[in-house]
Amino acid sequence: MSELPKHIDPKAIEEKWYAWWLQHNCFHREAADGGEPYTIVIPPPNVTGILHMGHALNNSIQDTLIRWRRMQGYNAVWVPGTDHAGIATQNVVEREIKKEGLRRQDLGREKFLERVWAWKEQYGNTIVNQLKKLGASCDWDRLRFTMDEGLSNAVKEVFIRLYDKGLIYRGTYIINWCPRCQTALSDEESEHRDVKGKLYHMRYPVKDAPGEFVTVATTRPETFLGDTAVAVNPTDERYRHLVGKTLILPVLHREIPVIADDFVAKEFGTGCVKVTPAHDPNDYQMGLRHSLPQINVMTDDGHMNENAGPYAGLERFACRKKIVDDLEAAGLLVKVEDHHHAVGHCYRCSAVVEPRLSPQWFVKMKPLAEPGIRAVKEGRIAFVPERWNKVYLEWMENIRDWCISRQIWWGHQIPIFYCDECGHQWADRGKPSVCPKCGSARVRQDEDVLDTWFSSWLWPFSVFNWPEQNEDLKFYYPTHALVTASEIIFFWVARMIMAGYEFMGDLPFREVYIHGTVRDNQGRKMSKSLGNSIDPLDIINEFSADALRFSLLMLTATGQDVYVSKEKFEVGRNFGTKIWNVARFMQLHKLEQPLEVRAISLNPDRWTADDWHIVAKIDDAAKAATECLERYRFNDYAHVLYEFLWHEFCDWYVEYAKPTLYGTDEARRREVLSIMHYVFNRALRLLHPLMPFLTEELWHGMGYGLEDETIMTAPWPKADNLTLRGMAQPYVEYVDLKHDLIRRARQLRADYEVPPGDKVDFVIKPAGPDAAAHLRADADAIALLIKAGALSIDPDFAPPRAMPSALNALGAVYMSLGGVDVEAERIKLQGQLDAVAQELERLEARLANEAFIQKAKVDVVNQARARRDELIGKREKLAAMLAGLG
RNA sequence: GGGCGUAUAGCUCAGUUGGCUAGAGCACUUCCUUGACAUGGAAGGGGUCACAGGUUCAAGUCCUGUUACGCCCA
């Protein structure tokens with residue numbers, strides 16, 4: 001046992017223990033170590049990422065789980081890694097070279113990729129190092145990157161397998177195009193945001209019918225240049241006569257037909273819809289049904305192309321404005337209305353996404369989804385909280401094909417090769433230099449790269465080097481808990497489930513814990529642009545990593561969003577300080593024969609009620625903590641330990657112990673200190689997953705661990721001694737009542753404004769012989785806690801004069817005071833008597849009700865009867881006390 | 001437009017399969033620097049459980065509807 005300094009130095013202990021854990025390889029496990037596996041794979045943060053509160057919450061939860069399972073004796077591995085984040089990372093590096101006046105095209109693919117790799121080497125581990133500050137006990141020997149060699153092999157293998165199976169195809173469809181990033185996006189990567197837009201009503205002249213027009217409504221007037229029809233609903237009487245007629249597209253003077261199609265909603269706008277097959281998914285479908293031409297009017301970077309006639313070269317929104325002006329000038333603009341609607345935005349750069357016809361690679365998802373749907377329906381994979389099951393199933397059952405090609409350079413290049421000689425196209429694991437069909441050397445690889453999520457969906461097995469079959473893969477897969485946020489259920493969770501079944505033939509994980517979003521005090525998402533983010537590293541600096549973790553998890557009700565502000569982290573800091581100080585208190589008390597804290601022997605036959613009580617309560621805490629963790633109830637878990645350590649242990653047990661510890665009965669001192677160490681040791685272990693640094697420091701500081709040991713592998717306390725717990729129960733009940741009675745006595749003092757320094761005499765009239773025996777044994781300690789001059793326990797006490805008093809099931813307490821405000825005392829007692837009478841009345845009514853006696857559970861009826869008897873007793877006593885006032 | 005979530009103390013939230021007097025932390029009021037801790041201790045005030053119906057012996061909890069806010073999908 002080493003002397004603890006007066007104040008904690010969180011920075012010092014965080015650095016010391018993290019380095020120690022690394023040095024002693026505490027986070028690493030291997031299949032060869034045997035035992036029961038418990039695996040978590042980290043949601044790989046982007047290499048461009050810096051730690052924010054969302055990461056802090058996500059990783060605190062994972063670390064809590066993995067540390068707990070490790071203590072339970074599992075072969076527990078938490079596999080870390082980072083994601084190459086194709087578009088995001090490319091954007092970062094493009095911005096960087098822009099400062100040198102360069103575009104990626106100026107460097108060329110190869111040179112540009114060198115720059116990205118260099119950037120990754122320099123900055124890519126930032127977030128990994130930040131995770132270490134949090135205390136994350138990842139198995140760093142297993143650190144992976146989605147573009148390292150092994151994972152790239154997995155990606156290639158998967159692509160080729162799906163391609164050969166016919167599940168990957170190339171096709172020209174409407175996709176989400178980001179004109180800023182100049183790449184296709186998947187449906188999930190286009191974020192819908194509500195925007196205040198306009199609905200433009202424009203007129204198209206009817207051919208050969210001067211003065212006759214058709215009015216269409218659109219939110220994107222610039223796409224009219226690509227219109228190849230106008231559609232109405234076939235049942236719409238208003239327009240039936242127009243179907244089959246020809247319209248003249250303004251400006252371009254192109255002739256387009258009026259068609260009838262069920263898809264058109266009669267109520268929307270004018271009921272006439274312009275049809276632009278190359279720029280809208282619904283129009284595209286309509287175009288197919290009616291064999292309409294598809295005219296793309298835009299370039300990759302969001303400007304109008306040669307099909308836009310006089311508008312060619314204009315930026316799309318500038319073009320919109322000009323077209324509106326021109327149509328207005330030509331008398332073809334009927335009106336412009338305000339219109340709220342959802343518009344897709346690029347999830348990486350927030351540019352407005354342009355739906356657009358484009359040749360891309362897709363994965364056919366329906367067949368992959370089937371096993372994933374069954375797995376959740378049959379409960380093999382469970383979401384926590386379970387409401388996410390439904391969200392997941394909804395999406396999976398309506399799944400659409402996945403656009404996986406991206407027109408960027410940073411990522412896994414698509415392993416498809418083309419022969420320019422004979423036109424052969426094939427998938428290849430290597431880098432072929434000649435065409436396998438005609439032998440020509442005019443071979444080139446597809447330019448596109450794969451969606452970033454095409455590598456992360458393999459994460460649970462690619463981190464173990466799949467497709468290589470090895471012991472780790474066999475041992476650690478399937479993994480156990482997946483901890484993530486709801487935002488990526490579709491992006492990632494659902495796809496991992498599909499990949500797991502498709503390539504491993506088994507589920508990737510058993511439980512998916514979905515935690516909430518971290519928000520600021522006003523409920524807004526934390527973001528850089530709002531300037532409302534709280535940097536977890538600032539919190540670690542100011543409070544401590546333990547405080548950050550504890551506070552975050554204490555605030556995390558299952559799956560609910562977490563609202564944080566700086567002050568909220570004080571809970572964790574204060575709790576840490578409290579624990580530190582009680583540890584110092586224990587150290588303060590030396591014994592003649594020093595205590596061997598590693599080999600505590602307890603003597604229950606000589607225990608007081610308080611001893612039984614605290615030992616029972618730590619047992620209960622162990623049980624509760626374990627249950628909370630099993631059910632992902634992190635706030636309850638934090639609360640259990642807070643309540644136990646602060647209130648049960650510090651507020652009561654330590655206070656009861658003081659007279660003994662400052663006294664001279666060496667045997668009692670020894671027993672009390674032994675119990676304290678026994679209890680505190682267990683509490684530290686229960687708290688370790690949540691506050692790893694502080695608990696490790698104290699575990700050593702108190703001498704519970706040898707120099708080469710760590711609390712990380714100390715056994716997780718179990719509540720298994722039922723016999724002892726059963727024996728403790730009567731003491732637990734007594735002590736809980738004693739706490740209450742002490743509170744009531746203190747209340748008497750406060751009511752009569754007795755200065756805290758003054759001693760007053762008290763009498764307790766016990767409710768029965770058992771209570772009397774207990775109270776007599778505890779009289780000295782109670783006297784101290786209520787600052788009594790003299791305290792007598794007198795079963796026959798009858799107040800000789802008016803005395804302030806209070807009552808509970810254990811007995812009545814009387815305070816001896818010179819001047820008593822008899823009237824105030826009468827009012828107080830009368831108030832209590834009224835409350836008792838009222839409750840009794842309600843209870844009697846309930847017990848008189850036949851239906852209640854018959855239908856309610858036996859326990860509930862018995863409880864009601866017991867309560868009634870208790871209240872009757874209480875009523876009598878209160879009446880007597882009232883009479884005693886004279 | 002469809003789906004989901006939330007509504008409990010001034011604030012942030014717990015409250016499990018319906019069942020004792022609805023809890024915690026923060027904030028607030030009063031008092032206390034006695035020997036672990038003022039990042040502390042003691043005591044206290046504060047709630048028609050959003051609203052309206054219903055089911056039940058019994059509803060904060062279950063059902064229906066209304067309102068408000070938030071999220072996801074289209």
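All chains are named by letter (A, B, ...) in the order of the sequence lines, taking the proteins before the strands, and each is independently numbered beginning at 1.
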Name the closest nucleotide to the A/His192 side chain, picking from B/A14, B/A74, B/C57.
B/A74
Between A/Trp395 and B/C4, does any side-chain N or O lie under 4.0 Å from OP1 or OP2?
no
Integer-rounded Å distance: B/G40 P and A/Leu645 CG:
15 Å
To check you understand the geometry: which heavy-atom pair defines the closest contact between A/Leu552 and A/Leu57, and what is its length?
CD1-N, 3.7 Å
Base, sugar-phosphate, or nothing: which does A/Lys658 touch, judged by heavy atoms less than 4.0 Å apart?
base
Is the phosphate of B/U17, meaning OP1 or OP2, less than 4.0 Å from a side-chain N or O of A/Lys857?
no
For residues A/Ala547 and A/Met691, report the shortest heavy-atom separation together with the two atoms involved.
N-CE, 4.3 Å
Scan A/Val582 against the nucleic acid and name what it touches under 4.0 Å (heavy atoms): base, sugar-phosphate only, or nothing.
base
With sugar-phosphate taken as primed atoms, P, OP1 and OP2 and all else as base, the protein-contact string of nucleotides 22-29 of chain B at under 4.0 Å (heavy atoms; B, S, -) is --SS----
Sugar-phosphate, base or nothing in reach of A/Phe575, heavy atoms under 4.0 Å
nothing
Nearest whole Å is fine: how far is B/G19 P from A/Asn862 CG?
17 Å
In terms of heavy-atom contacts, A/Ser186 and A/Asn176 come closest through O-ND2, 3.6 Å
Taking the six-membered ring for Trp, are A/Tyr814 and A/Phe762 ring centroids under 6.0 Å apart?
no
With a non-hydrogen cut-off below 4.0 angstrom, is A/Glu191 in contact with a base, only sugar-phosphate, or nothing?
nothing
To the nearest angstrom, the CG-P distance between A/Asn398 and B/C4 comes to 14 Å
Distance between P atoms of B/A22 and B/A50 (Å, rounded)
15 Å
Proximity of A/His515 and A/Phe634 rings by center, below 6.0 Å:
no
For B/G15 and A/Arg633 - does any side-chain N or O of the residue sit under 4.0 Å from the phosphate oxygens OP1/OP2?
yes
Pick the P atom in B/C49 and in B/C31, then give their distance to the nearest Å.
34 Å
Identify, residue by residue, the members of residues 735-748 of chain A with a heavy atom below 4.0 Å from RNA chain B, and return them in order of residue number, or none.
A/Arg743, A/Arg746, A/Gln747
Would you sort out whether A/Tyr637 and A/Tyr632 count as a ring-ring contact (aromatic ring centres under 6.0 Å, His included), showing the intermediate values?
CA-CA 9 Å; A/Tyr637 161 58; A/Tyr632 300 91; over 10 Å; no
Say you pick atom P in B/G60 and the same atom in B/U16; how far apart are they, in whole Å?
12 Å
With a 4.0 Å cut-off on N to O distance, would you call A/Arg573 and A/Glu542 a salt bridge?
no
Could you go step by step and tell me if A/Thr276 and A/Arg220 meet the side-chain hydrogen bond (donor to acceptor under 3.5 Å, both in side chains) rule?
CA-CA 10 Å; A/Thr276 325; A/Arg220 291 154 73 208; over 6 Å; no
Rounded to the Å, how far apart are A/Met396 CE and B/G3 C1'?
18 Å
Determine the interatomic distance between P on B/G53 and the same-named atom on B/A59; round to the nearest Å.
14 Å
For a quick check of understanding: with a heavy-atom distance under 4.0 Å over all strands, which category does A/Asp636 fall into, base, sugar-phosphate or nothing?
sugar-phosphate
Without decimals, in angstroms, what is the distance between A/Leu555 CG and B/C13 C1'?
8 Å
Which string of ( ) [ ] | and . matches RNA chain B, if you list each base 5' to 3' and count Watson-Crick or G-U pairs only when both distances are under 3.5 Å?
(((((((..((((.....[...)))).(((((.......))))).....(((((..]....)))))))))))).
Let me know, please, whether A/Asp651 or A/Lys6 comes out on the 5' side of the other along RNA chain B by nearest nucleotide.
A/Lys6
Between A/Arg400 and B/A74, is there a contact of a side-chain N or O with OP1 or OP2 at under 4.0 Å?
yes
Between B/C72 and B/G65, how many Å separate the two P atoms, rounded to a whole number?
25 Å
Nucleotide nearest A/Ala851 when distance is taken to its side chain, options B/C37, B/C57, B/G41
B/C57
Checking contacts here: which listed nucleotide (B/U21, B/C37, B/C57) is nearest the side-chain heavy atoms of A/Lys855?
B/C57
How far apart are the closest heavy atoms of A/Tyr704 and A/Met586, and which atoms are they?
OH-CE, 3.8 Å
Select one nucleotide: of B/C37, B/A43, B/C4, the one nearest the side-chain heavy atoms of A/Arg387.
B/C4
Could you tell me whether the side chains of A/Tyr752 and A/Gln747 share a donor-acceptor contact shorter than 3.5 Å?
no
A/Phe634 has an atom CZ; how far is it from atom P of B/A14, in whole Å?
15 Å
Salt bridge present between A/Arg193 and A/Glu191 (N-O < 4.0 angstrom)
yes
Answer yes or no for A/Lys658 and A/Phe585: cation-pi contact, defined as NZ/CZ to six-membered ring centre under 6.0 Å and angle to ring axis within 45°.
yes
Would you call A/Arg744-A/Asp740 a salt bridge at under 4.0 Å N-O?
yes
Choose from B/C4, B/C37, B/C32 the nucleotide whose nearest atom is closest to any side-chain atom of A/Pro756.
B/C32
Audit row: A/Arg846, A/Asn849, side-chain hydrogen bond (donor to acceptor under 3.5 Å, both in side chains) steps and yes/no
CA-CA 5 Å; A/Arg846 201 192 307 173; A/Asn849 184 342; over 6 Å; no
Spacing of the P atoms in B/U17 and B/U29 (rounded, Å)
40 Å
For atom C1', what is the distance between B/G15 and B/A9, given to the nearest Å?
14 Å
Regarding the side chain of A/Arg631, the nearest nucleotide among B/U16, B/A43, B/G41 is B/U16
Which is true for A/Ala342 with a 4.0 Å heavy-atom rule: it touches a base, it touches only sugar-phosphate, or it touches nothing?
base
Taking NZ, NE, NH1 and NH2 as the nitrogens, is one of them in A/Glu397 or A/Lys366 under 4.0 Å from a carboxylate oxygen of the other?
no
Picking from B/G19, B/G41, B/U39, which would you name as closest to the side chain of A/Arg846?
B/G19
Rounding to an integer number of angstrom, what distance separates B/C62 and B/G5 when you compare their P atoms?
11 Å
Rounded to whole Å, how long is the line connecting atom CD of A/Glu753 with atom P of B/A43?
16 Å
Proximal nucleotide (of B/G3, B/C57, B/C20) relative to the A/Lys390 side chain
B/G3
Describe the nucleic acid contact of A/Arg867 in one word from base, sugar-phosphate, nothing, applying a heavy-atom distance below 4.0 Å.
base
Measure the distance from NZ on A/Lys566 to C1' on B/U39 and round it to the nearest whole Å.
15 Å
